[in-house]
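Reading through the structure tokens given below for one structure.
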Amino acid sequence: MARIVMKFGGTSMAGLERIRAAAERVKREAEAGNEVAVVVSAMAGETDRLVNFCREAAPLHDSSEYDVVVSSGEQVTAGLLAIVLQSMGLQARSWLGWQMPLHTSPTHAAARIRGMATERVVESMQAGVIATIPGFQGLAETGRVTTLGRGGSDTSAVAVAAALKADRCDIYTDVDGVYTTDPRIVPRARKLEKITFEEMLELASVGAKVLQTRSVELAMKEKVKLRVLSSFRDAPGTDIVSEEEIGHLMEDQLITGIAYSRDEAEVTLTRVADKPGAVAAIFKPLAKHEVNVDMIIQNIADAEGRTDVTFTIARSEIPRVMEMLAAAREEIGYENLSYDDKVSKLSVVGVGMKSHTGVASTMFSALGERGINIASISTSEIKISVLIAEEYIELAVRVLHSAYGLDSPDVDETA
Ligand code: ASP
Ligand code: MG
């Protein structure tokens, strides 16, 4: 017997037919003798609908009331799932965020989980009652309902699994696991049997959106055994594990996955004074306005002690950032300010990089042979990212997927 947390996303909760299918999966686990808690998302599209109601009601609305409205989507699915489970002859009851309670910070619409009272839930589960728990919502010490931020149900599931000391946390979603890259671009992408938390975080941060990043961070910190599975097909999913657990796979697998993000832009300031404080003056206003800066490159100073500084940001930040830097022109002392918003980022990720050399040179020669120019490069211990022209991104992903030997042998591309 094990104690497990199952989590179903919005597409798995979209309508009664799908809720019944999810309930069948829950039933299987319960009938195998497991204690089960199920964390659910709102029906797909429902949270957007609720958010829009708030916006229409008043563009600038009270965020504590926003939370009351948007948390209702999960209340509906948690209740419906309990009803469906009961109709199948199982015992089930829902536990809303404020009932358990699941404690959060009071930051409405972006609350952080602080902990969860487990005694009553555990008692009920031990008596054979399946717990259905709405994701995304909690209770602040102010006594008010909070929500965790969009996509927060994954994090709820991991927090519940950690608090209940569950043996594992199975995330059922509309993809059947984590792939070496986006299968829509590379038909030969392979489903990974295992991936480390660190790799998952690197891939998520560059656009592979299977799980909310926060949930992976929390699982890593709390040592929760995570698995991503399909709600629609019976197929083995992907285990997200610690580096120790990945063991032998690391030896022969250099690169685990390739992610990309189109939504990048590059900003360049020319002839910035090469003196202490000049670069700080560039990034100070950006930090103040919480602009996320990614790659930063500073060139060697010219004979007059001036240097070009280039950095990347999300494309949508361009208008704001151009304005901030124009305003700070005096202080920074640059000559020209420009941007390129037709760039994309590609990252190869793998813990195998720690113990192997040649990863970067494989990348540069593979891209070079195809005439793909690299605008900037950044690295971490397990990741190399390059910025290239947007038009080449799909080609680059395919080329590197082959170059690192990630192609699945059993896909017939002529089919
Ligand atoms: N329903 C919420 C959202 O759409 C939370 C979630 O599904 O993870 O953001
Ligand atoms: Mg989700």
Side-chain angles (χ1 to χ4, degrees), residues 1-50 69-102 116-138 145 152-154 156-161 163-164 166-176 227-235 237:
M1 194 206 76
R3 179 177 293 168
I4 62 175
V5 171
M6 303 172 78
K7 188 262 169 177
F8 291 93
T11 24
S12 319
M13 288 285 115
L16 277 172
E17 199 181 320
R18 294 202 178 160
I19 293 178
R20 282 202 184 91
E24 286 292 344
R25 294 193 181 277
V26 175
K27 184 179 178 198
R28 248 193 268 169
E29 296 288 5
E31 287 185 342
N34 297 313
E35 287 174 18
V36 187
V38 193
V39 176
V40 294
S41 281
M43 294 190 195
E46 181 63 9
T47 309
D48 287 341
R49 197 175 75 97
L50 296 168
V69 175
V70 301
S71 62
S72 68
E74 273 77 6
Q75 173 164 339
V76 171
T77 47
L80 286 174
L81 178 62
I83 292 175
V84 170
L85 288 167
Q86 289 165 2
S87 76
M88 293 160 76
L90 296 155
Q91 294 188 75
R93 74 150 281 190
S94 61
W95 296 89
L96 301 183
W98 60 268
Q99 289 171 320
M100 292 186 280
L102 185 119
M116 176 182 141
T118 55
E119 207 177 317
R120 289 162 61 220
V121 183
V122 167
E123 220 169 81
S124 165
M125 285 169 69
Q126 281 171 338
V129 184
I130 297 164
T132 70
I133 298 173
F136 188 48
Q137 58 173 255
V145 170
S153 292
D154 292 338
S156 304
V158 172
V160 168
L164 294 177
D167 295 286
R168 44 172 227 270
C169 180
D170 290 345
I171 310 273
Y172 288 87
T173 174
D174 50 358
V175 296
D176 59 0
R227 205 159 68 151
V228 176
L229 300 149
S230 165
S231 332
F232 306 118
R233 294 200 299 130
D234 286 309

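One-based numbering along the sequence shown. A quick note: this is a predicted structure, and the numbers were derived from the prediction, not measured. What you see below is based on every heavy atom in this structure, not just the backbone, and it leaves out hydrogens, waters and symmetry mates.
- If you take NZ on K7 and OG on S231, they are separated by 9.0 Å, rounding to the nearest 0.5 Å.
- Across all non-hydrogen atoms, the minimal contact from M125 to V36 is CE-C, 3.6 Å.
- Remark: D154 CG to I171 CD1 distance equals 5.0 Å, nearest 0.5 Å.
- Looking only at side-chain heavy atoms (C-beta outward), V70 and F136 come within less than 4.5 Å of each other.
- Taking CG of L81 as the reference point, atom OG of S12 lies at 11.0 Å (rounded to 0.5 Å).
- The local environment of CD in Q126 is crowded, with over 12 non-hydrogen atoms from other residues, nucleotides or ligands closer than 6.0 Å.
- Remark: the backbone N or O of P134 is not paired with any side-chain donor or acceptor of Q75 at under 3.5 angstrom.
- The backbone N or O of G9 lies less than 3.5 Å from no partner atom in the side chain of S41, so there is not a single donor-acceptor pair.
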Check the pair E123, R120 against salt bridge (charged side-chain N to carboxylate O under 4.0 Å, His left out), reporting the backbone distance first and the verdict last. CA-CA 5 Å; E123 220 169 81; R120 289 162 61 220; over 6 Å; no
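- In plain terms, the two heavy atoms of S71 and V145 that are nearest each other are OG-CG1, 3.6 Å.
- From L16, atom CG reaches atom CZ of R18 across 12.0 Å, with rounding to the nearest 0.5 Å.
- Between S94 and A82, the shortest heavy-atom distance links the atoms N-CB, 4.3 Å.
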Test log, rule side-chain contact (heavy atoms from CB on, under 4.5 Å), inputs L102 and W95: CA-CA 10 Å; L102 185 119; W95 296 89; over 6 Å; no
Does the pair V26 and F8 meet the rule for a side-chain contact (heavy atoms from CB on, under 4.5 Å), with working shown? CA-CA 10 Å; V26 175; F8 291 93; 3.8 Å; yes
Could you check R25 against D234 for side-chain contact (heavy atoms from CB on, under 4.5 Å), going step by step and ending with a plain yes or no? CA-CA 10 Å; R25 294 193 181 277; D234 286 309; 2.9 Å; yes
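- The CZ atom of R93 sits 14.0 Å away from atom CG of L85, with the distance rounded to the nearest 0.5 Å.
- V40 places none of its side-chain heavy atoms less than 4.5 Å from the side chain of T132.
- The backbone N or O of V84 sits nowhere less than 3.5 Å from a side-chain atom of R20 that would complete a donor-acceptor pair.
- Taking the side chain as every heavy atom from C-beta outward, M116 and L164 approach each other to under 4.5 Å.
- Atoms CD1 and CD, from I4 and E35 in turn, are 10.5 Å apart once rounded to the nearest 0.5 Å.
- Judged purely by atom type and a 3.5 angstrom limit, Q137 uses its side chain to pair as donor or acceptor with the backbone of G97.
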Trace of the side-chain contact (heavy atoms from CB on, under 4.5 Å) decision for T173 with V228: CA-CA 7 Å; T173 174; V228 176; 3.6 Å; yes
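- Counting only distance, with no hydrogens or angles, the side chain of D170 and the backbone of M6 share no donor-acceptor pair below 3.5 Å.
- Taking 4.5 Å as the limit, every side-chain heavy atom of I130 sits out of range of all side-chain heavy atoms of E29.
- Proximity of E46 to E74: side-chain heavy atoms (C-beta onward) are nowhere separated by under 4.5 Å.
- Summarising the geometry of F232 relative to T11, their closest heavy-atom pair is CZ-O, 3.9 Å, with the distance given to 0.1 Å.
- Shown here for V121 and A131, the closest heavy-atom pair between the two residues is CG1-CB, 4.1 Å.
- Closest heavy-atom contact between A30 and L90: CB-CD2, 4.5 Å.
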